[in-house]
Amino acid sequence: MNESADFVMYWWDRAAEILTRKGTLLRRFGFVTTNSISQVFQRRVMEKHLNAKKPISLVMAINDHPWTKASEEAAQVRIAMTVGEAGMQDGVLREVISEAALDTDAPDIELREIAGRVNSDLTVGIDITSAKALLSNEGVCSPGVKLHGPGFIVTSNEASLLGLGKRPGLEKHIRPYRNGRDLAARPRDVMVIDLYGLNSDQTRASFPEVYQHLLSTVKIQREKEAIRSGSKDSQAYAKLWWIFGKPRQELRPALDGLERYIVTAETTKHRVFQFLDASILPDNMLLAIASDDAHNLGVLSSRVHVTWALRAGGWLGVGNDPRYSKSRCFDPFPFPRANNIQKQEIRLIAEEIDTHRKRVLAEHQHLTLTGLYNVLESLRAGTTLDTLANEQRTIFEDGFVLILEELHDRLDAAVAQAYGWQVDLSDEEILARLVALNKERAAEERRGLVRWLRPDYQIPRFAKGLDKQAAEEAGMQVAAQLDVTAKEQKPSFPANAVEQTAAVFAALAQASVPLDAAAIAAQFRKAKASETKIAGVLASLARLGHVTTDGKEFALRRVA
């Protein structure tokens, strides 16, 4: 279809209204659209009618169908089909399970049917669209900056010609830059001019080379666009031509003070999260999570969250790549209520995954994240080493993909344990429990109990509207729970090797100065007996590169 998504959803909305009018002759309606109809903004139109007092139901839907007999010049799209009827009733979802010969007069497309209530995201079963945004996740996740002008992007050599290294303070305004392709493949040698916080006079006086460069590139382009379109946005961009169109004012204070943060590409074949150094500015097609805590990285990287994200975010384009939406994937997601030992175990594994990937990519120029996870996905699908193609076998060996698989398996088990769930739950069981947990957390937040991801950052900004009495009572409840947890964990040093490592990791993470084995052992009963074991754990962490040491005291090593 050539119509825009807004145009299509307008007519979907109009048809639904007519269908529910008294005395209408319309009995059902159907649309063929792009598969973006199941994406976040479009599905809201359907949600309104599926949940209305006079509801309609989707009695037939195909959520993702190839566009057949399309020429090479035609747009590469996937389509969806929806049929609506008045009333509350079950329907049939038809899913494509195989497709071939799409460019012929006889395409071979096999469908399977699933009966049941069809949801607004064109699924049957657990209605993940019912999950609500949680205050606990407020203000932490945001898309990266949107430039509105290619002149902002420069190479390292161009940055030098613009005064980097010569003009004092310019290093704060020309920064490394990453987009989704940089993460999935190899980073480009590009930087971005970020003048947020400066006015045009300050820019001209302090950085004349940069000012003239943007005059001749961005300013001219934006003024032409303002004349052409006449929109208020384009006129505003032209007026503030030296700064990004979307500088993300809400993201900047969240990243302030962090040495690193978590990112994922909005649309990508494999849902991968990783740490980026805080000096790097993220592109608009990246989602930035303002946290330097590897526990959050681990939870987001786990099967629990990836299963949620694949269902909540949907799929996009002819490549059918999964899309990560802040409002549907991150904001409603309920993080586990993990105790300190569980958090540190997740941190340790997540740090090792992030370190492992960065190390093998640095050592082998032919490796990419997409390549690593392509091979990992093949192995999980049952491909044997003997049947891997030569290129994949090289990736397997150079990328130590079995180690990556083992680490992800360990992470999935640790995160499942933090939720109190079995590790082998089906996808539908995971989704059902997460939707139920979302409702439980939403009810807690209405009473004033918010399980903030970054309390020190979020509470001063987002807790003002909470009922103070309820918040005080909830705070007392949480304090009591944490106090009980502390008493349960403190008496003795763990016997299990993994828990010992997690306990040492926790002690180092909480310390503001380097610690020796004796200082850590003092936090447990029978300190003398624990000291030898702790010394062994510290030595192992140092060998693996997780900690730095002067030979006596130890501190966590931060991975960018």
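Heavy atoms only: backbone and side chains are in, while hydrogens, waters and symmetry mates are out.
- Of the inter-residue distances, the one linking L258 atom CG with F275 atom CZ reads 9.5 Å to the nearest 0.5 angstrom.
- For the atom pair N284 CG and K146 NZ, the distance stands at 5.0 Å (nearest 0.5 Å).
- For the atom pair CG (L161) and NZ (K166), the distance works out to 8.5 Å, reported to the nearest 0.5 Å.
- Contact annotation: the side chain of P334 approaches that of L134 to within less than 4.5 Å [non-hydrogen atoms, C-beta and beyond].
- Between H49 and W12, the ring-plane angle classifies as tilted under the 30° and 60° cut-offs.
- How far CD1 of I56 is from NZ of K48: 10.5 Å, rounded to the nearest 0.5 Å.
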Please test Y211 against W241 for ring-ring contact (aromatic ring centres under 6.0 Å, His included), starting from the C-alpha separation and ending with a verdict. CA-CA 10 Å; Y211 186 88; W241 54 267; 5.3 Å; yes

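- A donor-acceptor pair under 3.5 Å links the side-chain atoms of R186 to the main chain of L361, judged by distance alone.
- Across all their heavy atoms, R175 and A278 have their closest contact at NH2-O, 3.2 Å.
- Under a cut-off of 6.0 angstrom, the local environment of CD in Q212 is sparse, with at most 12 non-hydrogen atoms contributed by other residues, nucleotides or ligands.
- Salt bridge absent: K269 and E377 never bring a charged side-chain N and a carboxylate O closer than 4.0 Å.
- The existence of a salt bridge linking R188 and D182 is confirmed by a sub-4.0 Å separation between a basic side-chain nitrogen and an acidic carboxylate oxygen.
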One pair to check against ring-ring contact (aromatic ring centres under 6.0 Å, His included): H148 and F244. What are the steps and the verdict? CA-CA 6 Å; H148 284 276; F244 303 147; 10.0 Å; no

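- In this structure, I193 and L214 have side chains that are in contact, with non-hydrogen atoms separated by less than 4.5 Å.
- For R78 and E99, the salt-bridge test passes: some basic side-chain N is under 4.0 Å from an acidic carboxylate O.
- Crowding of R181 atom CZ: a count of heavy atoms from other residues, nucleotides or ligands under 6.0 Å not exceeding 12.
- Evaluation of the ring-ring contact (aromatic ring centres under 6.0 Å, His included) test over residues 167-187, restricted to residues two or more places apart or in two chains, returns H173-F207.
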Before you tell me yes or no, could you show the steps for D189 and T155 under side-chain hydrogen bond (donor to acceptor under 3.5 Å, both in side chains), namely the whole-Å CA-CA distance, both residues' side-chain angles and the distance that decides it to 0.1 Å? CA-CA 6 Å; D189 178 28; T155 65; 5.7 Å; no

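- The residues D256 and R252 are annotated as not salt-bridged, no charged nitrogen and carboxylate oxygen being separated by less than 4.0 angstrom.
- A salt bridge does not link R328 with D331: every distance from a Lys NZ or Arg NE/NH1/NH2 to an Asp or Glu carboxylate oxygen is 4.0 Å or more.
- Nearest heavy-atom pair across L122 and T82 is CD2-CG2, 3.8 Å.
- The pair D292-R260 does not count as a salt bridge, with every side-chain nitrogen at least 4.0 angstrom from each carboxylate oxygen.
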For a salt bridge (Lys or Arg N to Asp or Glu O under 4.0 Å) check, start with the C-alpha distance between E225 and R222, then their side-chain angles and the critical distance, and finish with the verdict. CA-CA 5 Å; E225 178 60 23; R222 288 192 181 180; over 6 Å; no

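- Evaluation of the side chain to side chain contact (heavy atoms under 4.5 Å, CB included) rule for E405 yields L376, R380, L402, D409 as partners, not counting sequence neighbours.
- R461 has no carboxylate O lying under 4.0 Å from a charged side-chain N of E138, or vice versa, which leaves the two without a salt bridge.
- Two residues are said to be in side-chain contact when any heavy atoms from C-beta on lie closer than 4.5 Å; R441 and K132 fail this criterion.
- The environment of E440 atom CD is dense: over 12 non-hydrogen atoms of other residues, nucleotides or ligands sit within 6.0 angstrom.
- H408 pairs by the ring-ring contact (aromatic ring centres under 6.0 Å, His included) definition with Y373, not counting sequence neighbours.
- Salt-bridge annotation for D293 and K343: absent, with no side-chain N of the basic residue lying under 4.0 Å from a carboxylate O of the acidic one.
- Within the 4.5 Å cutoff, the side chain of L434 has no heavy atoms near those of the N438 side chain.
- Contact check on R303 versus D427 returns a salt bridge, with a Lys/Arg side-chain nitrogen under 4.0 Å from an Asp/Glu carboxylate oxygen.
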Determine, step by step, whether T129 and D127 satisfy the side-chain hydrogen bond (donor to acceptor under 3.5 Å, both in side chains) criterion, reporting the C-alpha distance in whole Å, the side-chain angles of both residues, the deciding distance to 0.1 Å, and the verdict. CA-CA 5 Å; T129 65; D127 185 8; 2.4 Å; yes

